A.B. asks: 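One structure is given below, represented as structure tokens, and several questions about it will come after.
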2 protein chains.
Amino acid sequence: MLRLSKMADYGTQVMTYMARDQAVHSASEVSAGLGIAVPTVSKILKMLVRKNLVASVMGAKGGYMLARHPAEISVAEIIDAMDGPISITECSGTTTCERESTCSTRSNWQGINHIIQDALEKVNLAGMTQPKPQVVDTSALRTRGI
Amino acid sequence: MLRLSKMADYGTQVMTYMARDQAVHSASEVSAGLGIAVPTVSKILKMLVRKNLVASVMGAKGGYMLARHPAEISVAEIIDAMDGPISITECSGTTTCERESTCSTRSNWQGINHIIQDALEKVNLAGMTQPKPQVVDTSALRTRGI
DNA sequence: CAATATAGGACTAGTTTAGTCCAAGTTAGT
DNA sequence: ACTAACTTGGACTAAACTAGTCCTATATTG
């Protein structure tokens, strides 16, 4: 299975939860709202802060809030913050694969990666808060070779 | 990182290797050709046989060959054979998530999954053997909401 | 019948991941 | 000034998963 880590999954849940208003939410509040253990939520929020997706307010009455408008935060960014670069294969980056010469698949993987990256960038938090999904037109993928 | 398992990666390598001709290849030959250990290649080929992507010929002079034409085998099928269903989140399937009512993100994930699935289905083995990738038109994704 | 393959499954070692916990720093309110 | 509520950073552990190995049985060729 082409899978997303649980952390990235939680990350989007936490972000979606906070996207509903612009208030400051404490870790314990988010934990209660989502049914995820406090330490775990806390850890996730810390990671999101480090990537500037979430702003923190320290001290009593402190907490976390989205750093930007929900419409300006993509799912791709969240996944990237939690799991690192979105890429389906390891050889897609700068790392040189020892059998690169024989590996004709590399550039194809990069094309696939690009599609996925693009798809995830187009989905933003504002869209995630809506129950109904946007209809996706995949016909263009079909007409082109990929 | 949204990642593909190493097994799925190996799987596509093995399939791409065999796609170059219609000959029967033994596990040891594929192993030598790709630089992957024999038992591992053997295991991968067995999995591919089970999913009818590869046909096996038993006995001396036996080996494996593609069950269909390279153009009729998609990367999606290979990944599915190695890793199971392509799906980015666990809640995308039939399993009912206990907090489904509060989870408005579900349908959106399904949309994303669909895009990825579709993208991978459009890439076939024949394309993978070519060094240059097909140009991908992602503009349609941009015009639609996702 | 001997040599060469695949078939199937059990098994192990290693890595990754999820999750917990603790000590320190920061702010609000009294 | 003090205390309570909260974040920060990092260390740590337990569990799950993955990759990879190995063994025995079966089939085919010559």
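Numbered from 1 within each chain, the chains take letters A, B, ... in sequence-line order. Treat the numbers as computed from the prediction; the structure is a model and nothing was measured.
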A.B. asks: Using heavy atoms to find the nearest nucleotide of DNA chain C for B/Val57 and A/Val38 separately, return the residue whose nucleotide is more 5′.
C.D. replies: B/Val57
A.B. asks: Report the nucleotide, chosen from D/dG20, D/dT28, D/dT21, that has the shortest atom-to-atom distance to any side-chain atom of B/Met58.
C.D. replies: D/dT28
A.B. asks: Measure from the side chain of B/Ala27, starting at C-beta and using heavy atoms only, and say which of D/dT29, C/dT6, D/dA19 lies closest.
C.D. replies: C/dT6
A.B. asks: Check the distance between C/dT15's P and B/Met7's CE and give it to me in whole angstrom.
C.D. replies: 15 Å
A.B. asks: Between A/Ile44 (CD1) and D/dG9 (C1'), how many Å, whole number?
C.D. replies: 16 Å
A.B. asks: Does D/dT18 have its OP1 or OP2 closer than 4.0 Å to a side-chain nitrogen or oxygen of B/Tyr10?
C.D. replies: no
A.B. asks: Please figure out whether A/Gly59 or B/Tyr64 has its closest DNA chain C nucleotide nearer the 5' end.
C.D. replies: B/Tyr64
A.B. asks: Just how far, in rounded Å, is C1' of C/dA5 from CG of B/Leu45?
C.D. replies: 12 Å
A.B. asks: With side chains defined as the heavy atoms from C-beta onward, is the minimum distance between A/Leu125 and A/Thr129 less than 4.5 Å?
C.D. replies: no
A.B. asks: Measure the distance from NZ on A/Lys61 to C1' on C/dA28 and round it to the nearest whole Å.
C.D. replies: 8 Å
A.B. asks: With rounding to the nearest 0.5 Å, note down the distance linking CG in A/Asp21 to CE in A/Met65.
C.D. replies: 9.0 Å
A.B. asks: Whole angstrom is fine here: how far is it from CD1 in A/Ile79 over to C1' in C/dT17?
C.D. replies: 17 Å
A.B. asks: Take the protein atom NZ of B/Lys51 and the nucleotide atom P of C/dA7, then report the distance between them rounded to whole Å.
C.D. replies: 16 Å
A.B. asks: A side-chain contact here means heavy atoms from C-beta on lying under 4.5 Å apart; do A/Thr40 and A/Met7 qualify?
C.D. replies: yes
A.B. asks: Mind calculating the distance between NZ (A/Lys46) and C1' (C/dA18) to the nearest angstrom?
C.D. replies: 14 Å
A.B. asks: Calculate, to the nearest 0.5 Å, the distance between atoms CE and CG belonging to A/Met82 and A/Asp80 respectively.
C.D. replies: 11.0 Å
A.B. asks: Are any non-hydrogen side-chain atoms of A/Val54 and A/Met15 less than 4.5 angstrom apart?
C.D. replies: yes
A.B. asks: Is the shortest side-chain N/O distance from B/Ser42 to OP1 or OP2 of C/dA7 below 4.0 Å?
C.D. replies: no
A.B. asks: Check this one for me: any side-chain N or O of A/Thr40 less than 4.0 Å away from OP1 or OP2 of C/dT20?
C.D. replies: yes
A.B. asks: Which residue lies toward the 5' end of DNA chain D, A/Arg50 or B/Lys43, if each is placed at its nearest nucleotide?
C.D. replies: A/Arg50
A.B. asks: Quickly work out the B/Met47 CE to D/dA19 P distance and round it to whole Å.
C.D. replies: 9 Å
A.B. asks: Between C/dA7 and B/Ser56, is there an OP1 or OP2 to side-chain N/O distance shorter than 4.0 Å?
C.D. replies: yes
